[in-house]
Chemist: 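Let me give you the structure first, and then I'll get to my questions.
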Amino acid sequence: MTEPTITPLEPMPGDWRRALAVVAHPDDLEYGCSAAIAAWTDEGREVAYLLATRGEAGIDTLAPAECAVLREREQRASAAVVGVKRVEFLDHKDGVVEYGIALRRDIAAAIRRHRPELVITLNHRDTWGGVAWNTPDHVAVGRATLDAAADAGNRWIFPELAERGLEPWDGVRWVAVAGSSTPTHAVDATAGLERAVRSLLEHRTYIEALTDEDPETYARTFLTESAEATGERFGGRPAVAFELFGR
Ligand SMILES: [Zn+2]
């Protein structure tokens, strides 16, 4: 019997200054990605967040109007922990985000405003790998983000954006998909891991509604275990994995 070959993950490209992370819900970036974001902001790179919804359908015991306010506040606090100052919300409806022209246009507009070289999003595929079904919002926002990275550079796809003063931005070089079951690249999570735990803990109301476990133990265990598992393909260092699409 031969041992299965483990393909090592490549280091992420480093020649960029600005990134925009586009996800469906508050907490999507904190479940794994934010240790990489902390490492990037440490290096003086600018990272901004764009959320398609306010996660208002995420807590069973809380009505959406009340929940939206609370989750927006938790998301802003969570971003601040990893050095992210700009957090924007698009007001698509949590749980029923539709993939389509309106979503692509909204994301393309944000890409034109922020002018990132790197765009980050969350798993756009039907599953997390195997039979763990993904949620429709992640699929819609992930796919629309991959598409909008190109839309943003084409003057004629959404001409109404240029009329609003948003000139095309053709500078997106990569879209990095977090939570992919077929990752290609990784970022060392050593320096950012502690802040990633605190960043996830800022979603305290959400976590308390989700689990009976102590929130701190829950956040630390989840993030440490996934960073260590990724590290097995990244020289033994705890890491955050991405599937990198070049443009
Ligand atoms: Zn989500």
Side-chain angles (χ1 to χ4, degrees), residues 19-37 47-64 66-79 81-82 84 87-100 103-104 106-107 110 119-148 175-181 183 196-197 199-211 213 215 218-219 222-223 225-227 230 240-243:
L20 177 66
V22 186
V23 292
H25 313 117
D27 81 26
D28 284 354
L29 289 161
E30 285 71 38
Y31 274 98
C33 206
S34 54
I37 290 163
V47 184
Y49 288 178
L50 177 73
L51 286 96
T53 80
R54 288 181 162 76
E56 69 273 12
I59 303 177
D60 186 59
T61 51
L62 215 53
E66 207 182 325
C67 189
V69 177
L70 183 136
R71 297 205 74 197
E72 176 179 341
R73 192 169 60 231
E74 290 190 342
Q75 182 62 65
R76 290 186 190 283
S78 170
V81 172
V82 292
V84 174
V87 181
E88 298 171 1
F89 294 84
L90 287 177
D91 277 325
H92 286 254
K93 275 193 79 169
D94 187 14
V96 289
V97 175
E98 284 185 279
Y99 172 86
L103 183 59
R104 276 171 54 195
D106 284 348
I107 298 171
V119 169
I120 298 147
T121 191
L122 188 63
N123 184 16
H124 59 285
R125 295 209 174 83
D126 287 340
T127 73
W128 297 101
V131 293
W133 195 243
N134 198 354
T135 77
D137 287 0
H138 298 155
V139 175
V141 173
R143 286 201 70 90
T145 301
L146 281 153
D147 294 336
V175 181
V177 177
S180 164
S181 59
V197 171
S199 172
L200 178 53
L201 272 173
E202 291 291 346
H203 296 281
R204 187 170 285 272
T205 319
Y206 177 75
I207 294 171
E208 281 172 353
L210 190 77
T211 172
E213 236 182 292
Y218 165 84
F222 181 89
L223 291 176
E225 284 177 359
S226 63
T230 302
V240 175
F242 295 95
E243 182 175 5

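First listed ligand is number 1; within each ligand, the first listed atom is number 1.
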Chemist: Measure the shortest side-chain to side-chain distance between E56 and E66 over non-hydrogen atoms and say whether it is less than 4.5 angstrom.
Modeler: no
Chemist: Kindly state whether the ring of H138 and the ring of W133 have centres lying under 6.0 angstrom apart.
Modeler: no
Chemist: Of all N/O/S atoms in H25, which lies nearest to the Zn ion (ligand 1)?
Modeler: ND1
Chemist: With a 3.5 Å cut-off and no angle check, do the side chains of H92 and D106 form a donor-acceptor pair?
Modeler: yes
Chemist: I'd like the atom name of the N/O/S atom in D28 lying closest to the Zn ion (ligand 1).
Modeler: OD1
Chemist: Going from CD on E213 to CZ on F222, what distance comes out if it is rounded to the nearest 0.5 angstrom?
Modeler: 11.5 Å
Chemist: Below 2.8 Å, can you find an N, O or S atom of D27 next to the Zn ion (ligand 1)?
Modeler: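 No - counting backbone and side chain alike, D27 has no N, O or S atom under 2.8 Å.
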